[in-house]
Amino acid sequence: MDAENRVGNERDSTFRMDTVFVRVLQRGEKMTLYSYSDHIKDRFYYTEKNSETPKELGYRVYYDSNKVNMFRGRTVNENTYMKQLYDLAFKYNVLTDRLQKMIEESGYEKRYI
């Protein structure tokens with residue numbers, strides 16, 4: 001079941017540190033991508049070269065009653081992962097028009113990440 005079918009009633013900014021086994025999705029020269037699935041959602045992480053602590057690619061979906069009107073939906077999607085991917089592509093000087101389009105069209109799913 002995807003995250004949008006389990007939308008919370010408010011923005012949840014809680015987090016916790018834990019030790020888990022992650023799956024390596026892609027190992028590269030500059031960074032490595034990982035995934036982890038729990039009872040809430042699939043999560044994606046990355047580490048840069050010479051870093052041991054994975055960073056989560058951020059994504060939140062929640063219901064915001066303050067955004068209900070005739071022009072806006074009630075479900076909020078925070079696609080923080082897109083900005084993170086742009087920043088990484090820019091940092092490593094690999095951001096092209098094609099890559100930018102791929103990031104813009106990506107979903108928070110393994111097939112896109």
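Residues passing the salt bridge (Lys or Arg N to Asp or Glu O under 4.0 Å) test with Lys83 are Asp87, sequence neighbours excluded. Judged as a salt bridge (Lys or Arg N to Asp or Glu O under 4.0 Å), and not counting sequence neighbours, the contacts of Lys91 are Glu48. Partners of Glu52 according to the salt bridge (Lys or Arg N to Asp or Glu O under 4.0 Å) rule, which considers only residues two or more places apart in sequence or in another chain, do not exist here. Applying the salt bridge (Lys or Arg N to Asp or Glu O under 4.0 Å) criterion to Arg111, with sequence neighbours excluded, gives Glu109.
Looking at Tyr112 and Met102, their side chains never come closer than 4.5 Å, going by heavy atoms from C-beta outward.
Looking at every heavy atom in both residues, Tyr86 comes nearest to Leu95 through CD2-CD1, 4.2 Å. Looking at every heavy atom in both residues, Ile113 comes nearest to Gly107 through CD1-O, 4.1 Å. Between Pro54 and Thr47, the shortest heavy-atom distance links the atoms CA-CG2, 3.4 Å.
Atom OH of Tyr92 has more than 12 heavy atoms from other residues, nucleotides or ligands within 6.0 Å.
Residue pairs meeting the salt bridge (charged side-chain N to carboxylate O under 4.0 Å, His left out) criterion with at least one member in residues 92-102, sequence neighbours excluded, are Lys101-Glu105.
Side-chain atoms of Gln84 come within 3.5 Å of backbone N or O of Gly58 as a donor-acceptor pair.
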Side-chain donor-acceptor pairs of residues 20-33 under 3.5 Å, sequence neighbours excluded:
none

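How far CG of Leu57 is from CE of Met82: 11.5 Å, rounded to the nearest 0.5 Å.
Judged by distance alone, the side chains of Glu56 and Tyr46 never bring a donor and an acceptor atom under 3.5 Å apart.
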For this session: Might you work through the side-chain contact (heavy atoms from CB on, under 4.5 Å) test for Val61 and Val76, ending with a clear yes or no?
Result: CA-CA 6 Å; Val61 178; Val76 177; over 6 Å; no
For this session: Show your working on salt bridge (charged side-chain N to carboxylate O under 4.0 Å, His left out) between Arg43 and Asp38 and close with a plain yes or no.
Result: CA-CA 8 Å; Arg43 300 171 190 275; Asp38 62 18; 2.9 Å; yes
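Under the ring-ring contact (aromatic ring centres under 6.0 Å, His included) test applied with Phe44, the options Tyr59, Tyr108, Tyr81, Tyr34 reduce to a single match, Tyr108.
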